[in-house]
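A quick write-up on the structure given underneath.
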Amino acid sequence: MESAPPGIPTSPQPHILELRIHGIANALPYGALDLPRGEVVQSDGDGLGSFWTPRPDVEARDKALPPGHVHAIRPDVRREAYSWGAMARLAGLPFAGVLGVLGTLVARLLWAAMIPFGLANAAYWARRIPAPEPGAHGHGQAHERGTGRRAAGSLRPEATAALTRVFALGLTLLFVSAVATVALSVIGTRCMGLAPVEPDGVTPVCARVPDLLHGLARLDVGDRLALLSLVPVLLVTVLVLVAHSGQVRFESKFSVMRAGRTVPPSGPPLHRAGFWSQRTGSGLLWAHLGAALALTGQFLTWTRYADAGLPMPGLPVVALVVILAACVFVALRTDDDGVQAVVSRRKGRAGLGVFAAGLLVWLVACYACLAGPQPKTMPALIGIDLVPALLGVGLTGIAATGLAWRTTRSTRGVAAWTLVPVIATACVAVVLVAEPDAPLRHLLVGVAVLAVLSPLAVVAAATLLRRRVYEGWNGAGPGVFLLVSAAAAAIYSSLLVLGVQWFLRHGKGVEPRQLGDGMVGIGRGVPDPDLVRVPPVYTEFGTASVVIALVFVVLLGVAMAGPYVMDAVRSRGLWIPKAPRTVGPPYGPAVPAWRAVADAPDPDGGPNPVLERVLRGRQVAAMSHRAELAGGALAAAAYVAALVAHVPLIAQHSDTGDFQVPSWLSGLAVPALGVLAATLVASALAGTTRGGPSRPWGLVWDLLCFLPRSAHPFGPPSYAERAVPEVRSRVDAWLTGADIADDAERERVAPTRRVVLSAHSIGAALAAAVVLIRAGNPVPDTVDGRVGLLTYGTQLRPFFGRFFPDLMGPTTTGTPPCAGPAWSADPWGGQTAGGSGPGAAQAAPLTPERPEPGSGVQATLMSLLTCGTKPAWVNLWRRTDFMGFPVVGYGLNDVDRGAEEMDRSAYLFAVAAHSGYQTSWAYHVALDEVVSRLAPAGPSGAQPAVTRRGEPG
């Protein structure tokens, strides 16, 4: 164990801040500090974001331990833990605490329901992010001389951003359609008959309709539908509350981020000062709410009556205009991509205008229902039958074009992909509304299917030519996210509609009871299955879920388990080497296990049970490292299922204009959806039990919550919008000596201070964002090079760098590009030790050359951390970690180090996986190494080097 590195002045007070940031496992503060619960205290923060330190007596005890001890703290270090896990939770949801376990279960099911919205946000940040235009920012921008106004700037609308936001709006409308189908069609018109006109009459209802709703059966149909239209409106409101219950704000007493000078936005998005600012997305939210209200009003008034019409027959057309206006509004929104644009107030008011128009349409529709005549026959709600099918086609068309967004280079070429969803939706709309003859119907649906399939040609060419080998799914990332989002939304909607239909088709009949005094009685009976019908598109969605499951299982088996089947027939087990430069403890009870793991296998020696356990851990971790292949398989399954769902449009159309879905399709879809529903509930329950399995939806939620909510306003809130500024503020407060009251003492101590951001898993992404945003919004009159990075168990290179190339790709991090996992049992075998296999990438220098002054070249994460011969960044990883990877490469380099693959703090031998890095011997060595690479103290500290940006591939 090294002593204090040379150049660091000795001081009785710690001058190095070791700030630990936990990952998606949301380790509690005492866990991050590896101490018992009672030995930590909160030093700052609130219930959402907080900083914790060991108690003073505990800190003194651990500083007296010998170097390298599991709990040892360097004498010159102040160790803190930053806790952000509560930011991505639903603690702010009204009455969540009162409802207890039931409320938690409902909350987790709502998390699952919001996953499609989060995936749409992920697709937004997976696309190409354009460079900002000069003068297009307003935050921190100087006022125009003599005018008192900010310099005007504008951002042009971008095609892929527009398509993603229109896709997000379609998700909202599909959700409204599913809820309206249950409330208005299934319950309002199918399971409740016409209210009798004569006194003492009887109206029939389905046996399983709750008694609470029997009062609706006694109302006229128009009055009943007007009241039931509140259901989709209220549920959309619940989604808004859930999405915004986790929204966090950060107003610190000392925040240099707001006191610093903001440079014009340039370079990578995470370098732009406005990236982590709270989005001014109220206009987007109002547009979604307005479209939802307009669609609900359209459902009420787009009907077919036998002998009576509505007072306002043109209202469905007005509702369509409002929905199209909402599409235009979300498509033209430009105040994002990390640039705080100067947006016209009129544009902001337009979103509120869309909401007002949608609200007016819904209120007028309710009035039309209440004031309209009571029909003699039950009306048919045409919109509920047609709109979900059109939405499904439109969503699939946009998602398919996303496969080619990054591959298509020209702006006009990307904009041309807009025609795909337009053509596909228009063809299906003619089929559904005009009901043409069979030849024309087959032609239109064929054109729609070919339009949806057209992006495959571009994707196939890019894959064969390996043009985007360093990007996730060969550049098809936006389409992968959108396809999975569309499939999840379709399955959820069919799960709701078909589940309610299945429930209401059963029960026990009850004879009607005459109430007298002019009261209408209720006759409860088991309905005929043909009576409780739902739009066939939901059965098609349910059938598509079966196709998705089958195709996904096959592809997943090939991608994940296939290599291990091949390995099973090998004469010897597959040898996966440990990470290069892995260090272990030189003394202590863990030394024998470390030596057993560190030694190479002896072909002629006896069995090594310790090494065999570790080798199995490496093989299991390697299988989980093919997550990209699994995601591609799921997107391919969704693509195939979406096309299969079009078949009933051709084959099952009758002369009456109705779509007749065969009973065997319904019989196949309902059991599959039942299994899915049971799986969702079981996974949600698993997350509520202590000591049970890992919370599956919580993990997905945390991953999606990292990205700003820029496409869908109902998506998961971004905890990074608070966590990054909060950590940055703590870093600046430490470096400037804000905790020192005496001015002279502050001027003496502040130049000697340094910070090491110690980040686990996704916390490394937060730490990297802190370093980048400090460069984009620098602190006045300070030198840089005093912040180092110690990461472990991170996914920066193979996940964030490949899935979101413009956010954390090589041009942002400054690290070599990363190809995808191979199909072999060791997916990274080609990259090991600089190999030339499928996963290999060309090496790149880690220490960039200094540019000429005024050259205007852009800094990267690596260059910002480089103030000497080596970057102040060390990354720990192990081959047994199922979610941890190197950040530079699998060969020898100046950043990546191996951590021992056994838990040094455990009493019995245990293979270490994604946790336990902070108690490893490698962690203590890496911390010393990062500190030794920081810039020398003093006002003449070296400035960071920068490197030229270039796009790999």
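Below, each value reflects all heavy atoms present in this structure, side chains not excepted, and no hydrogens, waters or symmetry copies.
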Check: Can a donor-acceptor pair be found between the side chains of E158 and T160 at a distance below 3.5 Å?
Finding: yes

Check: Going from CG on D894 to CE on M862, what distance comes out if it is rounded to the nearest 0.5 angstrom?
Finding: 9.0 Å

Note to self: Nearest 0.5 angstrom please: L927 CG to S758 OG, how far?
What the structure shows: 7.5 Å

Check: Between L19 and V756, does a side chain to side chain contact (heavy atoms under 4.5 Å, CB included) hold up when you go through it step by step?
Finding: CA-CA 6 Å; L19 184 56; V756 176; over 6 Å; no

Next item on the list: Please examine the side chains of W873 and V887, heavy atoms only from C-beta on, and report whether any two atoms are closer than 4.5 Å.
Entry: yes

Margin query: For R878 and Y792, which I'm curious about, is there any donor-acceptor pair between the side chains at under 3.5 Å?
Written below: no

Next item on the list: Can you measure from CG (D34) to CZ (R20) and round to the nearest 0.5 angstrom?
Entry: 7.0 Å

Margin query: To the nearest 0.5 Å, what is the distance between CG on L483 and CG on L634?
Written below: 9.5 Å

Check: What do you reckon, are the aromatic ring centroids of F885 and F799 less than 6.0 Å apart?
Finding: yes

Checklist line | Qualifying residues under ring-ring contact (aromatic ring centres under 6.0 Å, His included), relative to F51, sequence neighbours excluded | finding: Y82

Notebook entry, point to check: Any side-chain donor-acceptor pair under 3.5 Å between D881 and Y917?
Noted result: yes

Margin query: Tell me whether R753 forms a cation-pi arrangement with W734, defined as NZ or CZ under 6.0 Å from the six-membered ring centre and within 45 degrees of its axis.
Written below: yes

Next item on the list: Measure centre to centre between the rings of F800 and F706, then say whether the value is under 6.0 Å.
Entry: yes

Next item on the list: Would you please test L704 and I115 for side chain to side chain contact (heavy atoms under 4.5 Å, CB included) and show each step?
Entry: CA-CA 8 Å; L704 294 178; I115 293 299; 3.9 Å; yes

Check: Just by distance, do the side chain of W125 and the backbone of P708 share a donor-acceptor pair under 3.5 Å?
Finding: yes

Checklist line | Residues R897 and D928 bridged, charged N to O under 4.0 Å | finding: no

Next item on the list: Compute whether any side-chain donor of one residue and acceptor of the other, for E80 and S43, lie under 3.5 angstrom apart.
Entry: no

Notebook entry, point to check: Hey, are R406 and D806 close enough for a salt bridge, meaning a charged N less than 4.0 Å from a carboxylate O?
Noted result: yes

Next item on the list: Measure centre to centre between the rings of H914 and F882, then say whether the value is under 6.0 Å.
Entry: yes

Next item on the list: Answer whether the closest heavy-atom distance between the side chains of N875 and T794 falls below 4.5 Å.
Entry: yes

Next item on the list: Would you mind checking if D826 and R879 are paired as a salt bridge, meaning a charged N to carboxylate O distance below 4.0 Å?
Entry: yes

Note to self: Treating W473 as the side-chain partner and E628 as the backbone partner, does any N or O pair qualify as donor plus acceptor under 3.5 Å?
What the structure shows: yes

Item checked: Donor-acceptor pair, side chain of S932 and main chain of E929, under 3.5 angstrom -> yes

Check: I773 versus V724: any side-chain heavy-atom pair under 4.5 Å?
Finding: yes

Notebook entry, point to check: Going through the checks in order, is the side chain to side chain contact (heavy atoms under 4.5 Å, CB included) test met by L270 and M808?
Noted result: CA-CA 8 Å; L270 292 183; M808 287 191 172; 3.5 Å; yes

Notebook entry, point to check: Would you say the side chains of W84 and Y719 form a donor-acceptor pair under 3.5 Å?
Noted result: no

Next item on the list: Taking Q795 for its side chain and G793 for its backbone only, find out whether a donor-acceptor pair lies under 3.5 Å.
Entry: yes

Next item on the list: Could you tell me whether the side chains of H712 and N121 share a donor-acceptor contact shorter than 3.5 Å?
Entry: no

Notebook entry, point to check: Within the distance-only criterion (no hydrogens, no angle test), does the side chain of S920 pair as donor or acceptor with the backbone N or O of Y923 below 3.5 angstrom?
Noted result: yes

Notebook entry, point to check: Among side-chain atoms of W52 and S50, is any donor-acceptor pair under 3.5 angstrom?
Noted result: yes

Note to self: For C818 versus W828, what's the shortest heavy-atom pair and its separation?
What the structure shows: SG-CZ3, 4.2 Å

Check: Less than 4.0 Å between a side-chain N and a carboxylate O, is that true for D732 and R774?
Finding: yes

Check: To the nearest 0.5 Å, what is the distance between OG (S83) and CD (Q42)?
Finding: 9.0 Å

Notebook entry, point to check: Hey, does the side chain of T880 reach the backbone of A912 with a donor-acceptor pair shorter than 3.5 angstrom?
Noted result: yes

Notebook entry, point to check: Got a donor-acceptor contact below 3.5 angstrom from the R802 side chain to the E471 backbone?
Noted result: yes

Next item on the list: Could you tell me whether F167 and Y124 have their ring centroids closer than 6.0 angstrom?
Entry: no

Notebook entry, point to check: Quick check: does any side chain N or O of D896 sit under 3.5 Å from a backbone N or O of V888, one acting as donor and the other as acceptor?
Noted result: yes

Item checked: Side-chain donor/acceptor of S485 to backbone N/O of P116, under 3.5 Å -> yes

Next item on the list: Give a yes or no on whether the backbone of G715 and the side-chain of R709 come within a donor-acceptor separation of less than 3.5 Å.
Entry: yes

Next item on the list: For the pair R618 and E901, evaluate salt bridge (Lys or Arg N to Asp or Glu O under 4.0 Å) and give the outcome as yes or no after the intermediate values.
Entry: CA-CA 9 Å; R618 295 175 187 173; E901 295 168 305; 2.6 Å; yes

Checklist line | Lys/Arg-Asp/Glu bridge criterion (N-O < 4.0 Å) met for D44, R730 | finding: no

Checklist line | Nearest-0.5 Å distance, CG of residue L796 to CG of residue L861 | finding: 8.0 Å

Next item on the list: Using the side chain to side chain contact (heavy atoms under 4.5 Å, CB included) rule, take L284 and R165 through it: C-alpha gap first, then chi angles, then the decisive distance, then the call.
Entry: CA-CA 9 Å; L284 196 63; R165 290 194 174 111; 4.2 Å; yes

